[in-house]
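Worksheet for the structure shown next.
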Amino acid sequence: MSIQDSPTLALTRELVRRASVTPDDAGCNALLAGRLRDLGFTVETMDRGGVRNFWARLGDTAPVLCFAGHTDVVPPGPLKEWSSPPFEPDLRDGILYGRGTADMKGSLAAMVTACERFRAACEQNSRSMNGSLAFLVTSDEEGPAAAGTRAVIEKLQERGEHIDYCVVGEPSSRDRLGDVIKIGRRGSLHGQLVFHGVQGHIAYPQLARNPVHESLAPLRELCDTVWDEGNEGFPPTSFQISNIHAGTGAENVIPGDLEVTFNFRFSTESTRESLRERTDAILTRHGVPFTLTWRLSGAPFVTLDSPFVDRVADCITSVTGVIPERSTSGGTSDGRFIAPTGTHLVELGPCNNSIHKIDEHVRVQDLDTLSIVYERVMAELLTAGD
């Protein structure tokens with residue numbers, strides 16, 4: 001079979017042609033749901049707040065192996081900088097270009113074609129599944145992520161439905177397909193901090209109080225603090241300032257406030273409560289009036305010492321010859337809504353060096369290989385008697 005005849009490539013192209021900029025799924029969910037219905041899945045739409053989600057399940061016994069992903073993509077950015085239109089998938093020299101090829105429509109296509117082959121093999125060999133196969137698909141991962149996977153998981157929990165094992169198709173690989181799998185993610189805690197001063201004329205500083213000057217010491221201490229040492233699953237917690245703003249725009253006015261946006265990427269050695277308490281203590285000790293609001297994007301999660309992760313890693317090695325590194329690096333993912341329910345979870349997808357960039361792309365051979373790995377995982381976990 002040539003590259004052009006690849007079913008995974010064909011489905012990826014169909015998905016990329018749908019300009020599903022978050023939270024619009026642009027028909028992607030219906031396309032995928034239709035393919036799964038043809039395989040005998042029961043498909044439930046679980047839309048919320050304008051976000052399209054679906055839960056598809058084949059089988060009614062445990063264990064439940066779920067493949068999860070998102071159809072929404074980030075905006076393409078300046079169209080003139082793309083070498084080909086972002087929503088017109090372009091195949092050049094074995095590489096497919098287009099928004100969402102790597103993050104993560106290629107993974108979704110690979111999941112579906114893997115399932116199609118797995119089902120065909122079961123029927124051909126008269127084998128039944130030992131458990132259930134499921135798909136969780138959302139169009140709200142690149143956006144606020146409040147009405148997507150989180151909403152589906154809440155619905156499943158309400159009715160006592162549990163996912164035992166989950167493969168999330170996030171682009172995890174670094175240089176070669178399967179060289180990195182994510183077994184967890186750090187927590188993400190955002191802070192919006194305002195130091196309060198007294199605005200005044202820059203020539204009369206004795207009549208004002210400059211929040212820029214007064215913020216330097218507490219900010220320095222926050223930057224220098226060792227929040228924790230990390231552990232087996234995580235590097236040490238990091239504190240990073242992303243934005244600072246003060247001033248009216250006039251060069252002769254001492255500002256009244258200084259606004260600071262910061263973020264903690266934190267390990268399981270810290271909690272959002274401990275980070276908030278320590279931050280408040282540092283700021284209070286310096287005596288600068290301040291207001292601080294917090295937003296938690298997700299708590300840290302990790303799947304350690306799991307036979308499921310071992311089996312996924314073995315599937316990768318058996319297909320590609322690559323021994324995957326197990327990592328918790330990177331940003332947040334929808335795994336943060338699934339893992340806390342007790343699910344053993346791993347993220348496995350194509351190379352991530354072009355995601356969210358101009359000319360996002362994926363190697364077609366990687367898509368086909370990824371589909372084979374996904375099929376191997378299905379067979380390993382769900383084939384009766386194995």
Side-chain angles (χ1 to χ4, degrees), residues 3 6 8-9 12 65-70 93-98 100-111 113-114 141 165-186 230-236 238 265 267 300-336 338-339 344-357 359-381:
I3 285 179
S6 162
T8 306
L9 171 61
T12 302
L65 170 62
C66 175
F67 285 79
H70 62 90
D93 299 322
I95 297 175
L96 184 67
Y97 293 83
T101 50
D103 188 15
M104 58 169 285
K105 293 180 176 181
S107 294
L108 287 168
M111 291 173 178
T113 57
E141 195 273 346
Y165 310 114
C166 185
V167 177
V168 181
E170 287 292 341
S172 62
S173 304
R174 184 173 50 237
D175 301 311
R176 295 180 58 190
L177 179 70
D179 61 359
V180 177
I181 56 175
K182 300 295 176 68
I183 60 169
R185 297 276 186 157
R186 294 171 295 176
N231 54 31
E232 178 187 0
F234 293 94
S238 70
R265 291 300 164 108
S267 77
F301 66 91
V302 64
T303 303
L304 289 173
D305 301 322
S306 167
F308 170 65
V309 175
D310 294 339
R311 295 181 81 173
V312 172
D314 289 344
C315 289
I316 293 169
T317 303
S318 67
V319 173
T320 69
V322 175
I323 299 175
E325 171 191 336
R326 305 179 188 201
S327 171
T328 57
S329 65
T332 58
S333 77
D334 274 1
R336 68 190 188 273
I338 304 171
H344 291 239
L345 184 143
V346 65
E347 298 178 20
L348 168 62
C351 293
N352 57 24
N353 54 6
S354 70
I355 61 174
H356 292 206
K357 293 183 179 181
D359 280 350
E360 180 181 348
H361 60 270
V362 67
R363 290 188 292 261
V364 174
Q365 183 177 352
D366 284 355
L367 291 180
D368 290 330
T369 304
L370 181 62
S371 183
I372 294 171
V373 174
Y374 287 157
E375 181 188 6
R376 187 71 59 88
V377 173
M378 295 174 189
E380 280 287 314
L381 270 293

For Asp310, the side chain to side chain contact (heavy atoms under 4.5 Å, CB included) test, sequence neighbours excluded, returns Arg326

Closest non-hydrogen contact found for Leu367 with Ala110 is O-CB, 3.9 Å

query: Quick one: are Thr369 and Val319 in side-chain contact, heavy atoms under 4.5 Å?
result: yes

Residue pairs passing the salt bridge (charged side-chain N to carboxylate O under 4.0 Å, His left out) test with at least one member in residues 166-185, sequence neighbours excluded, are Arg174-Glu325, Arg185-Glu347

Across all chains, not counting sequence neighbours, the side chain to side chain contact (heavy atoms under 4.5 Å, CB included) partners of Leu381 are Leu65, Tyr165, Phe308, Arg311, Val377

* To do: Indicate yes or no for a side-chain donor-acceptor contact from Ser6 to the backbone of Leu9 under 3.5 Å, with no hydrogens or angles considered.
  => yes

Arg363 meets the side chain to side chain contact (heavy atoms under 4.5 Å, CB included) criterion, sequence neighbours left out, with Ile95, Cys351, Asp366

Notebook entry, point to check: Would Thr328 and Ile183 count as a side chain to side chain contact (heavy atoms under 4.5 Å, CB included) if you check the C-alpha gap in whole Å, the side-chain angles of each, and the deciding distance to 0.1 Å?
Noted result: CA-CA 6 Å; Thr328 57; Ile183 60 169; 4.1 Å; yes

Contacts of Tyr374 meeting ring-ring contact (aromatic ring centres under 6.0 Å, His included) (sequence neighbours excluded), chain-then-number -> Phe67

- prompt: If you measure only the distance, is there a donor-acceptor pair under 3.5 Å linking the side chains of Thr101 and His361?
  reply: no

Residues passing the side-chain hydrogen bond (donor to acceptor under 3.5 Å, both in side chains) test with Thr8, sequence neighbours excluded, are Thr113

With a 3.5 Å distance limit and no angle check, can you tell me whether Glu141 reaches the backbone of Gly69 through a side-chain donor-acceptor pair?
no

Heavy atoms of Ala102 and Pro350 approach each other most closely as O-CG, 3.7 Å

d(Leu304 CG, Asn231 CG) to nearest 0.5 Å is 7.5 Å

| task | Please check if the side chain of Asn352 supplies one atom and the backbone of Ile355 the other of a donor-acceptor pair under 3.5 Å. | result | no

* Asp334 versus His70, side-chain donor and acceptor atoms under 3.5 Å -> no

| said: Show, in sequence, the C-alpha distance, side-chain angles and deciding distance for Ser306 and His344, and conclude whether the side-chain hydrogen bond (donor to acceptor under 3.5 Å, both in side chains) test is met. | reply: CA-CA 7 Å; Ser306 167; His344 291 239; 2.7 Å; yes

Q.
Are more than 12 heavy atoms, taken from residues, nucleotides or ligands other than Ile323, located less than 6.0 Å from that residue's CD1 atom?
A. no

Scanning both residues in full, the closest heavy-atom pair of Ser173 with Gly178 reads OG-N, 2.9 Å

To the nearest 0.5 Å, atom CD1 of Ile316 lies from atom CD1 of Ile372 at 13.5 Å

In terms of heavy-atom contacts, Pro324 and Val322 come closest through CD-O, 3.4 Å

> Quick one: does Thr303's side chain have a donor or acceptor within less than 3.5 Å of a partner on Leu345's backbone?
Replying inline: yes

Side chain to side chain contact (heavy atoms under 4.5 Å, CB included) between Ser333 and Phe301, intermediate numbers included: CA-CA 11 Å; Ser333 77; Phe301 66 91; 4.2 Å; yes

side-chain hydrogen bond (donor to acceptor under 3.5 Å, both in side chains) filter on Thr317, not counting sequence neighbours, yields none

Sorted by chain and residue number, the side-chain hydrogen bond (donor to acceptor under 3.5 Å, both in side chains) partners of Ser318 (sequence neighbours excluded) come out as Arg376

Those residues at least two apart in sequence (or on a different chain) that pass side-chain hydrogen bond (donor to acceptor under 3.5 Å, both in side chains) with Arg186 are none

I'd like to know if the side chain of Glu360 reaches the main chain of Tyr97, judged simply by a donor and an acceptor atom lying under 3.5 Å from each other, with no hydrogens or angles considered. no

Worksheet item: For the side chain of Ser172 and the backbone of Val180, is there at least one donor-acceptor N/O pair under 3.5 Å apart?
Response: yes

Between Gly330 and Arg265, the two heavy atoms sitting closest are O-NH1, 4.0 Å

When every non-hydrogen atom of Ile181 is compared with those of Leu348, the smallest separation belongs to CG2-CD1, 4.0 Å

